[in-house]
Amino acid sequence: MAGLELLSDQGYRVDGRRAGELRKIQARMGVFAQADGSAYIEQGNTKALAVVYGPHEIRGSRARALPDRALVNCQYSSATFSTGERKRRPHGDRKSCEMGLQLRQTFEAAILTQLHPRSQIDIYVQVLQADGGTYAACVNAATLAVLDAGIPMRDFVCACSAGFVDSTALADLSHVEEAAGGPQLALALLPASGQIALLEMDARLHEDHLEQVLEAAARAARDVHALLDRVVRQHVREASILLGD
Amino acid sequence: MLKSKTFLKKTRAGGVMKIVREHYLRDDIGCGAPGCAACGGAHEGPVLEPQPLDPASSLCPRPHYLLPDTNVLLHQIDVLEDPAIRNVIVLQTVLQEVRNRSAPVYKRIRDVTNNQEKHFYTFTNEHHRETYVEQEQGENANDRNDRAIRVAAKWYNEHLKKMSAENHLQVIFITNDKKNKEKAIEEGIPAFTCEEYVKSLTANPELIDRLACLSEEGNEIESGRIIFSEHLPLSKLQQGIKSGTYLQGTFRASRENYLEATVWVHGDNEENKEIIIQGLKHLNRAVHEDIVAVELLPKNQWAAPSSVVLHDEGQNEDDLEKEEERERILKTTVSEKMLKPTGRVVGIIKRNWRPYCGMLSKSDIKESRRHLFTPADKRIPRIRIETRQASTLEGRRIIVAIDGWPRNSRYPNGHFVKNLGEVGDKETETEVLLLEHDVPHQPFSQAVLSFLPKMPWSITEKDMKNREDLRHLCVCSVDPPGCTDIDDALHCRELDNGNLEVGVHIADVSHFIRPGNALDQESARRGTTVYLCEKRIDMVPELLSSNLCSLRCNVDRLAFSCIWEMNHNAEILKVRFTKSAINSKASLTYAEAQMRIDSTAMNDDITTSLRGLNKLAKILKRRRIEKGALTLSSPEVRFHMDSETHDPIDLQTKELRETNSMVEEFMLLANISVAKKIHEEFSEHALLRKHPAPPPSNYEILVKAAKSKNLEIKTDTAKSLADSLDRAESPTFPYLNTLLRILATRCMMQAVYFCSGMDNDFHHYGLASPIYTHFTSPIRRYADIIVHRLLAVAVGADCTYPELTDKHKLADLCKNLNFRHKMAQYAQRASVAFHTQLFFKSKGIVSEEAYILFVRKNAIVVLIPKYGLEGTVFFEEKDKPKPRLIYDDEIPSLKIEDTVFHIFDKVKVKIMLDSSNLQHQKIRMSLVEPQIPGISIPVDAPNMDIKEPERKKKKREK
């Protein structure tokens, strides 16, 4: 077997997308009534659910309270049925912990935490189906959930992954593309200001190519922003009709 | 853009896993036909022609595009590559299938697609909304793909009709599968087999010859007798290899005996590294270089490598009995310990066929269209081809590709690819030997040339950044006469502190060849410059090799300098490397330099510099030899060419002067210094060169040979080998030492390039240096360019790039360079052999003294020192009574009638050109002295050349 051709000469990827194209994104806000905010997102076959509680009083040890800002608590888990082979532990493993930390960093940068000192904001994210770009899907879902909860933020946080194949940057990698083993970069962007909330890559990539990949990820994140923005506006419109304004 | 989404489910063997993949269907994929309103500007790149008129086919007179299926692409790529075939639609389905099944064909089809003039268009049908098909229940993947191809063909026809009805554009489906064709016609798609279509191209009858003959019916002429046993299927082979019943290895046919081959078993298994295969049936249709599976025979059937030289000369296919008789010749009794593992080929894991050069042996029947083709490479079997142009192809060098080898056929079937030209024509022969050795020799493409600096060129301010100006130094170069690609120059001067400063300046090729561009890629592909007798195949374009990079005298040139400070004992005190600009003061030949050193009258700067260098070089050489470096010898010849006809008029063995070794010594020193430096800086990805110590068994022949002359050769270390070679002198036989050194050279392993991160044995055996690389000839070796780049980064003169620090890429590069170097060497040898033939053709018959190098069962291999020529003297001839031959393997000696031949014996042979076989005109040697009645020929025998054709005729009548 000759292996998988990630990018054909005609410029099509394995699933038929072009290099810069995103997968199909569908999202919904306010999926649960109990939580303060919730959202569900599908990015291709990657599906994630985010739930937000807060801001509320610190739970557990009060010593954790921060005097000047709110504590952001993020928990990541992924369903046992989310991957091809059934997972043993849904959460608590190293990978989940790391993902939780990354989400926390991302949202500490985006939420205006100084408005709620000595309080806590909980963000729970669960991946129902994983097909590449789980971090990006989690961030995008969590953004919608935080918005749904009405917690003030600097801006949307939009995330997207990007890879590098045959001197071309590919946006929004699917599982097949990730598994091929090339470099993969995850970027969380505040689109209005162009600030980067989180940038992560753990493979080797020559620095000459970094800019190109970064640019592709940023462009994809802006595309995600346009989509999420539409979802939020749609949601607000529906909500206001229900309220009878 | 994203139209719809479907899911493909896949299960993998071993633990069922459900894999869900997205599959986007698009509506923005163009059909590739220009001026198509429906697709708009959706297509880019090379597209089909609006009115494809050129292939006038009698079957379909209307303008049409072709749409071949996978098997047509795989098997008839030679036809598709022909310039007459244009406007072809290659479906993505087809391309993917080709990719999975044959990498070489995939590469070729990609090359064709990229050629704008061919108008090949790749249609991404799998992602097109209207041509995507889903696998149906009960349908296998192959059938689905066939259906997908038909759906696409149908869509194309309807689409083109919509586009412009009056054009009558058609898409013709080409398939060799009968069922598929029937189905297509049922669905209203015009479909033909490849053969039908090609035969209908009345304007291009020559295309028919290029058709691969796959049709089973074509082979029925052969007697139904099955000659070979069946090849086992791949799955069974893999099972067998896993369980150890079969061994996998590379099949290497013997050059000297067509009924024998060895298989080099892959892996580290020590005991059965090399398996002998003897006899036609056991060879079982394997062709040289194939990867095969072998079954070992029981020990009582093991054989020894035979020392018989056998060539396949049968014209007929029915000579099987004769073959069997010949096979018996191989199996003569030999002592028990000579037996080697013997096996038989049970299956082919991978064919490594390529197009072969050679000549047509025309069939005896005048009207016959089937002819045998004899490849130039003796390791390749003859190939049966079908052609109508046999009479035009006779006596010409042609290229033929193998299509298959049925079980009932003595020879493989193939088809004609290309006509190279007249045999014996110098151009044609050069082309053949370049092709046979896979030397890339096409002129440089426009893309490559576009990266050359613009002329007139001069050193600019920018070039001088990170560069030292050494133009004031008295630098000179010493090279063989007529050398235009001068890549090294030297200087030596006394410093104020009494020490000597010695500089080696190497052309700065990496300044002009920037990493990654087309010029760089092409040079990397070529790997080395190939020197043939009257021609040079450059690695870099001539502007660089003979002008801008060549360190000619009295012009400013960029260089990479390695400068040492040494004391008068040639001990290195300091070394530094820098990019520089130099101005050579003189380009000398070895002879001129030698003259300057020797003549007492000359005392100018250049001469004193040369004398200083020479003095140091002698010390360096002595020290190197003390350490155990080997001085080996190989007979090298140089031709004096006629300046007008370029025919060789004289032959001369190379003469070595002191200055040769002077230059060599400093080049070695520079290479070693650079190797240390780059390895220090890049321990993981330095490109180095190593020369492994040969296994002791390699020396057997040398030790035996020396013993027969009562000399002892020790081979435990390089040092002891060098010493014992020095001692091996015989007062009565002064040439013996050279002969022994020639033999020792044959025992050596190949030196190879490698990446330091992938290996931990760096030792260079021949030079007795713990580390070595190539730095001094960047104009003619690509390895040196990489070393230059590494060194430039190490001294901060240039920046790095990703491929340079990727050890896997570097290892791949080394592999290619090693291959190219080997091939270049073979090509050089072949070129010398061809010119030797030309020389003896003009010279007629000569008698010369010769020494026996090897003794074989029915022949002796002799070396003629005067010409550096090696040849075989056969003692068995077809139409002569066989002499009594007794071969003794222990001493190597051969007793013929009453005369015994030992290795190194002096004989006298007659040299002449044997033109009886046009394909392999060869130098023929026959024994003159010692005289053996019936075998040796009288000193002034009548001209054999005249007799030759008669004998040939006689053979035919028989």
Query - Part of residues 176-204 of chain A lying next to chain B, heavy-atom separation under 4.5 Å - result: A:V176, A:R204
Requested in this report: Using non-hydrogen atoms and a 4.5 Å limit, figure out which bit of B:T122 sits close to chain A: side chain, backbone, both or neither.
Outcome: both
Query raised in the report: By a 4.5 Å heavy-atom criterion (distance strictly below it), what part of B:R101 contacts chain A: side chain, backbone, both, or neither?
Result: neither
Could you tell me whether [X] and [Y] make a salt bridge, using a distance below 4.0 angstrom between a side-chain N and a carboxylate O?
X: B:R525; Y: B:E522; value: yes
X: B:E22; Y: A:R13; value: no
X: B:D111; Y: B:K107; value: yes
X: B:R514; Y: B:D798; value: yes

Query raised in the report: Are B:T93 and B:E126 linked by a side-chain donor-acceptor pair shorter than 3.5 Å?
Result: yes
**Report entry** Worked verdict on B:H119 versus B:Y65 for ring pair (Phe, Tyr, Trp, His ring centres under 6.0 Å)
**Finding:** CA-CA 10 Å; B:H119 297 284; B:Y65 301 134; 9.6 Å; no
**Report entry** B:F123: partners by ring-ring contact (aromatic ring centres under 6.0 Å, His included), with sequence neighbours left out
**Finding:** B:H128, B:W155, B:Y156
Report task. Give, as side chain, backbone, both or neither, the part of A:H209 having an atom under 4.5 angstrom from any heavy atom of chain B. Result -> side chain
